[in-house]
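Both backbone and side-chain heavy atoms feed into the values below; hydrogens, waters and symmetry mates do not. Quick caveat: nothing in here was measured; it's all calculated off a predicted structure. A, B, ... follow the sequence lines: proteins, then strands. Residue 1 opens every chain.
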2 protein chains.
Amino acid sequence: MEQKMSLEEKATASARPKRLGKNGDGSERHEVIYRAISDAIIKQQLHPGSRLREDALTEVFHISRTGIRKILQRLALEQLVTITPRRGASVTRPTAKEARDVFAARQMVECGLMPEVARHITDQDVDELREMAKREREALKTGEQSTAIKLSAAFHERLAQLSGNATLAAFVGQLCSRSSLILAVYGSAGHLGCESHDHDDLIDYLAEGDGEKAKAFMNHHLQEIEASLSIVEEEAAAPDLHQIFGMTS
Amino acid sequence: MEQKMSLEEKATASARPKRLGKNGDGSERHEVIYRAISDAIIKQQLHPGSRLREDALTEVFHISRTGIRKILQRLALEQLVTITPRRGASVTRPTAKEARDVFAARQMVECGLMPEVARHITDQDVDELREMAKREREALKTGEQSTAIKLSAAFHERLAQLSGNATLAAFVGQLCSRSSLILAVYGSAGHLGCESHDHDDLIDYLAEGDGEKAKAFMNHHLQEIEASLSIVEEEAAAPDLHQIFGMTS
DNA sequence: ATACCTCCTATTGTATACGGATTTTTGTGC
DNA sequence: GCACAAAAATCCGTATACAATAGGAGGTAT
């Protein structure tokens, strides 16, 4: 319920019932809705496993099923939602193997990108990154976990963009989104994602132009995150409700 | 014209006009059609820039526009087709920068994967790869360029799959597909993609379990392919026709 | 002959309704 | 409490309608 509320909140902010905003801004509207759902997932306001019924979404966003389906398809291709043949869409619950694969991929790509980033980075970029890291720290301090998670992903994605390779940057973006899901499933409660000062240290290395050091640090950074997770195969479909809720007898 | 013919050929092979195959096999049909179009693009039977009108596709594949649009959306997300707001879909014509980015990405990921592949590979895998390489060589010999191109991409993708990392393998698959388009645009006529014996040599290194050597060879292999291309920004819309066709006066 | 402007056609984007199929849930009996 | 059956909910694919726009055809002026 509260999930729907938060979605509606975002929707009314932009999808003003202009009634006949028929076309022209159409694709724009789709983009906004896509981002709203995507953000809600990344911010862990929509938890893995949550079902996303088409009718409900059409109602919330005041859009036709056609549009919703298009958006859900896109999210499915990005692995943020899972569409099961006749059951509809639900927020993806990454398996343990997927989790390991995603982090292995991040390790390879993000680390490999660091030297390139160090070579391309400008003073202006450094300022922007510092600003992002600062906002992230503040969000953490004020307890806005959702925001902090999203900002952390955005930081890593922006970093990849600075390499100049759009293809790899887009890939990193997807990996970060999925990482957010992984944290939601396998992360321990207290410890969430990146350490607050890690990003600042990383920026320092990049500002110095020391790509190798940045690479090593990123390696360490990602390893630390992955190590903080407890990636174990969870119990199957019908878990032990009896065990969870004491004895039923 | 001939493009449509080849598409129809593939379509009738599977999308038999069962008339009311209404539902059930629906998603399967979609998958088949998706692959048909995807293959046609990768095999360069559909050239970059070719328009893919929805009506034409519905006619060829006997599918509704809704279904076609879904498939086109997917192809667009994989960068094989480009959808321009009110102009519809066309086979993507990669820019020079995209071409460089794709090859840089392949360099990083495929090379980085080689040690892992060498670690996981089994004798059975080696046999399978040898078989694939053989078929590719035969296709080259008999002049089936389209088939050879597709087999080459399939080889690289299968190789990535052997690393055990599904996420990175899927990414490599996309990169290979896009590479095919890049070859179509920037490749010289005679020289197409991988050298015939390169793949066999690579298999040897992997069979020996020498991941580092395989990595170095893959590096060389990809560099060679990229070097064989002439990746230059092509002239804009209205080039110098006067200069091309002698003096007009 | 060329350039520019207007109108028209073709095609896409979106919404909606419908039929069919499957999953999930509810209800009943043992 | 469990198994089975009926019912409801929901999704998937298709067909259709309509609005909106892009690109081209054609005409006109210089």
Could you tell me how far apart [X] ([atom1]) and [N] ([atom2]) are, to the nearest whole angstrom?
| X | N | atom1 | atom2 | answer |
| --- | --- | --- | --- | --- |
| A:Ile71 | C:dG13 | CD1 | C1' | 14 Å |
| B:Arg87 | C:dG13 | CZ | P | 12 Å |
| A:Glu54 | C:dA15 | CD | P | 13 Å |
| A:Arg86 | C:dT23 | CZ | C1' | 10 Å |
| A:Ile68 | D:dT10 | CD1 | C1' | 15 Å |
| A:His62 | C:dT14 | NE2 | C1' | 17 Å |
| A:Phe61 | C:dT14 | CZ | P | 16 Å |
| A:Ile83 | D:dG13 | CD1 | C1' | 14 Å |

| message | Counting only side-chain heavy atoms from C-beta out, which of D:dT14, C:dA15, D:dC11 sits nearest to A:Arg53? | response |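 Between D:dT14, C:dA15, D:dC11, the one nearest the side chain of A:Arg53 would be D:dC11.
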| task | Return no unless some side-chain N or O of A:Lys70 is found under 4.0 Å from OP1 or OP2 of C:dT14. | result |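 So the side-chain polar atoms of A:Lys70 do come within 4.0 Å of the phosphate oxygens OP1 or OP2 of C:dT14, strictly under.
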| query | OP1 or OP2 of D:dG13 less than 4.0 angstrom from a side-chain nitrogen or oxygen of A:Arg69, does that happen here? | reply |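 Yes, A:Arg69 has a side-chain N/O under 4.0 Å of OP1/OP2 on D:dG13.
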| Can B:Arg74 and B:Glu31 be said to form a salt bridge (charged side-chain N to carboxylate O under 4.0 Å, His left out), step by step? | CA-CA 11 Å; B:Arg74 177 169 167 194; B:Glu31 183 66 23; 3.3 Å; yes
| said: If you assign B:Asp55 and B:Thr66 each to the DNA chain C nucleotide with the nearest heavy atom, which residue ends up on the more 5' nucleotide? | reply: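 The residue whose closest nucleotide sits nearer the 5' end is B:Asp55.
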| message | Let's go through A:His30 and A:Ile63 carefully: what are the C-alpha distance in whole Å and the side-chain angles of both, what is the deciding distance for side chain to side chain contact (heavy atoms under 4.5 Å, CB included) to 0.1 Å, and is it a yes or a no? | response | CA-CA 9 Å; A:His30 278 60; A:Ile63 193 179; 3.8 Å; yes
| Pair B:Arg65 + B:Glu59: basic N to acidic O under 4.0 Å |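 Salt bridge flag = no for B:Glu59 with B:Arg65.
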| field | A:Val91 vs A:Thr82, side chain to side chain contact (heavy atoms under 4.5 Å, CB included): CA-CA, chis, key distance, verdict | value | CA-CA 6 Å; A:Val91 179; A:Thr82 303; over 6 Å; no
| field | Side-chain-base donor-acceptor pair under 3.5 Å for B:Arg65 and D:dG13 | value |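 In this structure, the two groups form no donor-acceptor pair.
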